[in-house]
Amino acid sequence: MELIITEKDNAARRIADILSGGTYDSSRENGVNVYEWGGKRCVGLSGHVVGVDFPPEYSDWRDVEPVELIDADVEKTATKENIVATLRILARKANTVTIATDYDREGELIGKEAYEIVREVNETVPIRRVRFSSITENEVTDAFENPDDIDFDLAAAGEARQIIDLIWGAALTRFLSLSAGQLGDDFISVGRVQSPTLKLIVDRKREIQAFDPEEYWELFADLQKDDTSFEAQYFYRDEDDNEAERVWEEATAEEVHDTLSSRDAATVVDVNRRTRTDAPPAPFNTTQFIRAAGALGYSAQRAMSIAEDLYTAGYITYPRTDNTVYPDDLEPEELLDEFVGHSTLGDSAEQLLEADALEPTRGDEETTDHPPIHPTGEIPSRGGDVNDDEWEIYELVVRRFYATVAEAAVWEHLKVVAEVDDCRLKANGKRLVEPGYHDVYPYFSTAENYVPDVDEGERLGLTDVELEAKETQPPRRYGQSRLIETMEDQGLGTKSTRHNTLEKLYDRGYIESDPPRPTKLAMAVIDAAENYADRVVSEEMTAQLEADMDAIASGEATLADVTDESREMLEEIFANLADSREEIGDHLRKSLKDDKRLGPCPECGEDLLVRSSRHGSYFVGCDGYPDCEFTLPLPSTGKPLILDQECEDHDLNEVKMLAGRQTFVHGCPLCKSEDAGEGPVLGDCPDCGDDHDGDLAVKTLQSGSRLVGCTRYPDCDYSLPLPRRGEIEVTDERCEEHGLPELVVHSGDDPWELGCPICNYQEFQARESETGSDLEALDGVGAKTVEKLSDAGIESIDDLTDADPEAVAEDVDGVSADRIRTWQAEA
DNA sequence: GCAAGGTC
């Protein structure tokens, strides 16, 4: 039996399909798919199935000095046991093994990992390696006809990277975490890729902070030919004889302004026409795909996640690739044919097929890993197979493919220079004369700027002279896609990991918001690393590692040479670090607190800090706790972000709640708390009244919703719901069972006797479980209305939101269409 | 529980 091993299940299935001519059978072994035909079996791994780590005796951070990790053993252990087990079973029965993992360095290492697992159980079976860069019939059959051997040197290069990354990452991460006393989930991480990436963001922040804006002036005027007017801008020649628009002295700007304003005509002194070819874009690699999706509003992570889904479902090719050159056997005409007749993608395909010959564009990167991202020709149905976001991304990939086989666009540029005394004005016009690829790829701007045809010597009207005072702007923050592009330029991370690295920086509390801003903690970590372990925050470490890996791959160096040298460098770093442990720790701890600080506590003057409760919700508490027990509530949705904006009344920073699309600015927590106010105390809190004297009170939240809650919130989060609208009256009558006053809600004509809030809630829960209806959560909907709505076929809030208000109003007595609309809005 | 790299 021949055993074929691929890097992933998807590739295994497609290779089985090609080699068997579609006749394979599939079965499952330990939850792993195995494809079988004519004496062959094909199984997919899931990337690395073994990982490197230190022996277990190094696992307690407090028992082991971080420096000891440098010379600790590094072991390989199975991380995907079911796959490894399946591989062993299949390998025992094999008389030939073919490694068909991806055609790149990491694929060679994954192949070697499979090789070792096979060898453990089968010492003699021949093991060969096949390489192909796209899973097409030609390439795959060709590769299997010309098998090769595993390149152990190339795999060793990958192993050197694993070892160096683990040792540096773990030793420095533990050192910083221990020095700051951050040992739980909030450890302080450092790594060869994440730290230089974070430094990019931190450096940009430093530039912005250090930026000193400079004033300058620009002048604009309208020129007129017949009835049409167009904007022109003043320019001059600077000392290098370059055109310059910015005037750096106010007096000069005023002078020009006076000159221009004193005249009502200008003379054309130069007309320059030229056509520019606007070449269609190169095929998508991962980075350029992320950038294009970013322009549509998708985060890097989200774009990749959608692309992975589209790939798994068979609509697009593998989304993790560096390649920007299509393989030879991609036939653009055949692929376009698949789209002919499609309701929204068909017209463009038909238009492209009218060309005599299609010559796809080529990018700069031609690699062996995978083809550029393109559609497979299998088309999903919008709203059926894929949702709107997935469709938008799918269409982007399809249209990018279209663009790569489309004609260039042609622009006509027209530059007009007019003169008034010794002042010159210029107008730049541009017109898209041949739309070319823009017709099939509408994601780039094709905005035109109209400037009429004029002749040299012609007199033009001059009006509306404007002098604008401006100032130079600090550099812009990096957006996610710019960051990923820069990482790629600097060789940081890989096509598969760059977006995850950004996500990791968010998770570790190093960056917030989008575009990302660094936290104080991030600034302190980069500071510490720059001072003591500069190498780990420099892209130089990766560049050197790449060179070392090339040396290993070509046989010029060994794995031991490279890892030994790296260990020595880290030893030196630790020699310098030892004395500064406390100083580093103090700085990190201070920065951690700075990230949470809002301002002074109104009761004791210590710092108010954003804290999280045991339940994962957030509140504001005093750093003087337990001496000062002052707290303020925060909204229950989202993660708080402290803004630079301060409240004038309380000197507290305002807070924004990050919750995806529901993100909102909460404001100053003290103002909000005063606004919300706590109503009268009703009685003891059933959860904590006995032990901590908690009381129940009527509360109004920031969102406007109300509840009966414990005054010790957030330490105690006992709460009972109250209706959204109507005035709540607290009566003198008390519930015998719970000792709480009966409540009455006044809204509309009939007062609603809610009764004891605990009883009311229990009844509500009972009704809900009985009727299974969530409709009672709506304002003014009681059991009767639920019954009436149910008779009309409305069983739940979902039904109600989908229903036509007019139709429901006709079916249900005493309920107006307006009222239904109100409920729909509330839902 | 540390990294970065595969993949889901």
Side-chain angles (χ1 to χ4, degrees), chain A residues 6-12 31-33 44-54 56 58-70 72 74 76 79-80 82-83 101-114 155 157-178 182-198 286 304-313 318-321 369-370 487 491-505 507-508 533 536 541-542 545-546 549 566 570:
Chain A
T6 68
E7 188 154 325
K8 43 192 168 279
D9 174 57
N10 221 308
V32 181
N33 289 330
L45 307 175
S46 182
H48 290 287
V49 292
V50 296
V52 290
D53 208 346
F54 301 110
Y58 289 90
S59 58
D60 191 325
W61 293 28
R62 276 160 302 205
D63 280 359
V64 180
E65 279 298 322
V67 70
E68 294 176 43
L69 295 177
I70 301 176
V74 174
K76 279 193 185 186
T79 50
K80 301 267 166 50
N82 57 332
I83 297 178
T101 47
D102 290 355
Y103 188 4
D104 54 21
R105 185 175 56 221
E106 217 59 28
E108 209 66 25
L109 176 51
I110 291 166
K112 190 208 161 192
E113 288 161 5
E159 289 179 304
R161 181 202 54 70
Q162 289 185 317
I163 293 166
I164 290 170
D165 282 343
L166 173 66
I167 294 177
W168 281 69
L172 289 170
T173 295
R174 287 196 192 179
F175 180 88
L176 289 190
S177 303
L178 284 163
Q182 293 289 112
L183 288 188
D185 296 333
D186 298 323
F187 60 88
I188 297 172
S189 67
V190 174
R192 175 182 57 86
V193 173
Q194 59 170 281
S195 299
T197 303
L198 184 57
T286 302
M304 282 310 289
S305 152
I306 292 176
E308 278 152 19
D309 289 344
L310 292 172
Y311 155 71
T312 312
Y318 193 62
R320 296 190 270 259
T321 177
D369 58 352
H370 295 280
M487 291 173 75
L492 298 172
T494 72
K495 63 213 174 189
S496 315
T497 58
R498 289 185 195 112
H499 59 282
N500 294 339
T501 300
L502 290 193
E503 226 35 48
K504 184 179 285 179
L505 296 179
D507 289 346
R508 298 284 153 83
V536 82
M541 179 164 174
T542 293
L545 182 59
E546 287 288 341
M549 283 195 289
S566 184
L570 190 55

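The sequence lines fix the lettering, A, B, ..., with proteins before strands; numbering per chain opens at 1.
Within 4.0 Å of A:Asp309, counting heavy atoms only, lies no atom of the nucleic acid at all. A:Val52 comes within contact range of at least one nucleobase, with a heavy-atom separation under 4.0 Å. Residue A:Arg508 is classed as a sugar-phosphate contact, given heavy-atom separations below 4.0 Å to backbone atoms only. A:Arg192 comes within contact range of the sugar-phosphate backbone alone, with a heavy-atom separation under 4.0 Å but no base atom that close. A:Trp168 comes within 4.0 angstrom of nothing in the nucleic acid, heavy atoms only. Looking at heavy-atom distances under 4.0 Å, A:Ser59 makes contact with a base. Within the nucleic acid shown, A:Gly51 has no heavy atom closer than 4.0 Å to any nucleic acid atom.
Between the P atom of B:dC2 and the CG atom of A:Asp53 lies a distance of 10 Å, rounded to the nearest Å. A:Leu166 places its CG atom 12 Å from the C1' atom of B:dG5, with the value rounded to the nearest Å. Rounded to whole angstrom, the span from the NZ atom of A:Lys495 across to the P atom of B:dG6 amounts to 6 Å. For A:His370 and B:dG6, the NE2 to P distance is 9 Å, given to the nearest whole Å. Between the P atom of B:dG6 and the CD1 atom of A:Ile83 lies a distance of 17 Å, rounded to the nearest Å. Rounded to whole Å, the distance from CG on A:Asp104 to C1' on B:dG5 is 10 Å. Following rounding to the nearest Å, A:Lys112 (NZ) and B:dG5 (C1') show an atom-to-atom distance of 16 Å. Regarding A:Phe54, its CZ atom lies at a distance of 13 Å from the C1' atom of B:dA4, rounded to whole Å.
Shown here is A:Asp185, whose CG atom has no more than 12 heavy atoms of other residues, nucleotides or ligands within 6.0 Å.
Between the side chain of A:Asp9 and the base of B:dC8, no donor-acceptor pair of N or O atoms lies under 3.5 Å. Contact annotation: side chain of A:Ser46 to base of B:dC8, donor-acceptor pair present below 3.5 Å.
Note on A:Thr494: a side-chain N or O is less than 4.0 Å away from OP1 or OP2 of B:dG6. Residue A:Ser496 has a polar side-chain atom (N or O) positioned under 4.0 Å from OP1 or OP2 of B:dT7. For the pair A:Arg320 and B:dG6, the criterion of a side-chain N or O lying under 4.0 Å from OP1 or OP2 is not met. In this structure, A:Gln162 does not reach the B:dA3 phosphate: none of its side-chain N or O atoms is under 4.0 Å from OP1 or OP2. Taking side-chain N and O atoms only, A:Thr497 has a distance below 4.0 Å to OP1 or OP2 of B:dG5.
With a 4.5 Å cut-off on side-chain heavy atoms, A:Ile70 and A:Val67 count as touching.
Closest approach to the A:Glu106 side chain among B:dG5, B:dC2, B:dC8 is made by B:dG5 (side chain taken as heavy atoms from C-beta onward). The listed nucleotides are B:dG5, B:dC8, B:dA3; the one nearest the side chain of A:Lys80 is B:dC8. For A:Lys504, the side-chain atoms get nearest to B:dA4 when compared with the rest of B:dT7, B:dA4, B:dG5. Which of B:dC2, B:dA4, B:dG6 sits closest to the side chain of A:Arg174 comes down to B:dC2. In this structure, the nucleotide among B:dC8, B:dG5, B:dT7 sitting nearest to the side chain of A:Glu7 is B:dT7.
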Candidate pair A:Asp102 and A:Arg320, rule salt bridge (charged side-chain N to carboxylate O under 4.0 Å, His left out), full reasoning: CA-CA 11 Å; A:Asp102 290 355; A:Arg320 296 190 270 259; over 6 Å; no
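Nearest-nucleotide positions on DNA chain B for A:Gly169 and A:Gly47 put A:Gly169 closer to the 5' end.
Scanning for ring pair (Phe, Tyr, Trp, His ring centres under 6.0 Å) contacts around A:Tyr318 gives A:Tyr311, A:His370, with sequence neighbours left out.
Donor-acceptor pairing under 3.5 Å is recorded for the side chains of A:Ser189 and A:Gln194.
In plain terms, the two heavy atoms of A:Val193 and A:Leu492 that are nearest each other are CG1-C, 4.3 Å.
Residue A:His48 forms a side chain to side chain donor-acceptor pair (under 3.5 Å) with just one option from A:Lys76, A:Glu7, A:Lys80, A:Glu106, and that option is A:Glu106.
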